[in-house]
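Residue numbers begin at 1 in each chain, while the letters A, B, ... track the order of the sequences. What you see below is based on every heavy atom in this structure, not just the backbone, and it leaves out hydrogens, waters and symmetry mates.
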2 protein chains.
Amino acid sequence: MASPRPTSELPDDSATDRARRPGGRSAAVRRRVLDAALAQLVQHGYDSLSIDVVAERSGVHRTTVYRRWRDVGGLLADVLHEASVDAWRPPDTGSLEGDLVEVNQEVHGALTGDPVTVALIAASFRSGQAATALRAFWTDRYDRCTDIVRRAVDRGEIPAGIDARRLLIAATAPLYHELVLLRSAPDPRLPEQVARSAATAARAGAYG
Amino acid sequence: MASPRPTSELPDDSATDRARRPGGRSAAVRRRVLDAALAQLVQHGYDSLSIDVVAERSGVHRTTVYRRWRDVGGLLADVLHEASVDAWRPPDTGSLEGDLVEVNQEVHGALTGDPVTVALIAASFRSGQAATALRAFWTDRYDRCTDIVRRAVDRGEIPAGIDARRLLIAATAPLYHELVLLRSAPDPRLPEQVARSAATAARAGAYG
DNA sequence: ATGCTATCGCTACATGTGTAGTTTTAGTGA
DNA sequence: TCACTAAAACTACACATGTAGCGATAGCAT
């Protein structure tokens, strides 16, 4: 799932300032630690995720993990960074409503099925690194989704002058609110309901 | 701000099962601890809030605080419980839009000005007590706000058959999303913008 | 090959979080 | 006033979290 890394690459090593010695050992350590963190998260959940557990599981020493990632939030930020497909493109179903439904189904899937997303949200309240990573991720996604709105305007579905960000947030926020903050039971119809409402509102000229 | 307690009272003492000896000392301890927790929160923020700090600040022994409140989330749940005015009524401005704007301004105020709300949200990811308290609080508020929707239907502003909860969540969720999850800079126009959009959507027949 | 040094592993320590068991204090009712 | 006992204080412990310093290892350039 991770994007293949071009030979010429931005400094990266994300967790640290720069990789001044990116050779085999450091890379292997990073690999083992991130794998262990993800496995632990999947198998035993966010509450079980501690630096110590990950260190033991990966066979890397505690202090090394603390040094490179600082806290669980840093670990998760790096896991997300690695897992996020840079080539992600917003859906293009031919209608605003269809696109929003697809986006929402993805969000719903991430919030109910992907432990990394939920864990990172939880961690973002305790770790600056996690908060930053999460914000960057969302900013990027909302930016890319601007296309959805532009195409809808081009098709004449909705009036021009609509604030894409406001529309997109209106279309997704109720999902986060229900599942993350209110912790309601997941309802498979919810993504579609919410998306339809937002599309209706946009057609009626809201978000202008 | 706390509701005056009737002489005949439900078991209460909220944090514990029941108060079998609600006499002066226990009450005084609770008072000192909750005051200390709130003061610490206001002065030094959520990150500084630990059982130990609150215990020292209140002059109550650590183990006592641990026994009665268990964790910081329990402490915050009790603080919220005490601070929430049971007599809260939803606004009644005469229009759906006006009511939603008022609600949103309240939410906005709580999220930008009241450390207890934000702290409780943060704590809800670490403490079952905090999560439960928060959900109860929100459930209660959304229930009460049903009146807003019913009155709008009665006035003929919006079609009957609208799902009040869905409308109310659509009207408030973007605020939580922006301020809590995305941590955007507070924008004083946001409450009104979001409320107007939701009202427009409702008039256009969304949320049905 | 070989020296340089970034990075890792190790030890030791400091502090934070939470629990168990016991003693003391002070409401409560007779 | 005084015995009863709920609840607080105290002691002691167990484990989690996080940091400092130092010696060992192994990429990297020559």
Side-chain angles (χ1 to χ4, degrees), chain A residues 11-34 36-37 40 44-76 78 122-123 125-130, chain B residues 9 11-37 40 44-76 78 122-123 125-130:
Chain A
D12 203 9
D13 207 12
S14 48
T16 58
D17 304 339
R18 64 203 163 180
R20 302 193 43 166
R21 182 175 271 187
R25 189 161 64 155
S26 294
V29 162
R30 177 162 181 261
R31 181 100 314 282
R32 283 195 289 162
V33 168
L34 295 189
Q40 178 69 23
H44 303 288
Y46 172 64
D47 287 340
S48 81
L49 201 68
S50 70
I51 298 275
D52 276 32
V53 165
V54 170
E56 183 159 6
R57 185 163 188 153
S58 65
V60 171
H61 202 273
R62 302 168 67 246
T63 51
T64 299
V65 183
Y66 273 112
R67 250 193 307 259
R68 286 192 58 175
W69 288 275
R70 188 176 169 78
D71 57 28
V72 175
L75 226 37
L76 285 170
D78 207 4
F125 288 93
R126 305 178 61 184
S127 153
Q129 290 180 86
Chain B
E9 174 76 45
D12 203 9
D13 208 11
S14 49
T16 58
D17 306 337
R18 63 204 163 181
R20 301 194 44 164
R21 182 175 269 187
R25 189 162 62 155
S26 294
V29 162
R30 177 162 182 263
R31 181 99 315 284
R32 281 194 290 162
V33 168
L34 295 190
D35 285 351
Q40 179 68 22
H44 304 286
Y46 172 64
D47 287 341
S48 82
L49 200 68
S50 70
I51 298 275
D52 277 32
V53 165
V54 171
E56 183 159 7
R57 184 162 189 153
S58 65
V60 171
H61 202 273
R62 301 169 67 250
T63 53
T64 299
V65 183
Y66 274 112
R67 248 195 305 266
R68 286 191 59 175
W69 287 275
R70 188 175 169 78
D71 56 29
V72 174
L75 225 39
L76 284 170
D78 207 7
F125 287 93
R126 306 179 60 183
S127 153
Q129 290 180 86

### Message
Quick check on dA9(D): is either OP1 or OP2 less than 4.0 Å from any side-chain nitrogen or oxygen of T64(B)?
### Response
yes

### Message
Distance check needed: dG18(C) C1' versus R126(B) CZ, whole Å only.
### Response
13 Å

#### Entry: Nucleotide dT17(D), atom P - distance to CD of E56(A) in whole Å
13 Å

### Task
Whole angstrom is fine here: how far is it from CG in D71(A) over to P in dT17(D)?
11 Å

#### Entry: Short side-chain N/O contact from R70(A) to OP1 or OP2 of dT17(D), under 4.0 Å
no

### Query
Are side-chain heavy atoms of V54(A) and R57(A) found at a separation under 4.5 Å?
no

### Message
Within a 6.0 Å radius of atom CZ on R32(B), are there more than 12 heavy atoms belonging to other residues, nucleotides or ligands?
### Response
yes

### Message
Distance check needed: dA9(D) P versus R68(B) CZ, whole Å only.
### Response
10 Å

## Note on the structure
Y66(A) OH to dT15(C) P, in whole Å, measures 16 Å

### Query
OP1, OP2 of dT11(C) versus side-chain N and O of R62(A): anything below 4.0 Å?
no

### Query
Got V33(B) and R68(B) here, is their nearest side-chain heavy-atom distance under 4.5 Å?
no

#### Entry: Nearest-angstrom distance from the residue atom CD1 of I51(B) to P of dA9(D)
14 Å

### Query
Do the non-hydrogen side-chain atoms of R126(A) and Y46(B) ever get within less than 4.5 Å of each other?
no

### Query
What integer distance in Å separates R67(B):CZ from dT11(D):P?
14 Å

## Note on the structure
Of T63(A) and L49(A), the one whose closest nucleotide on DNA chain D sits nearer the 5' end is L49(A)

### Message
Rounded to whole Å, how long is the line connecting atom CG of D47(A) with atom P of dA16(D)?
### Response
14 Å

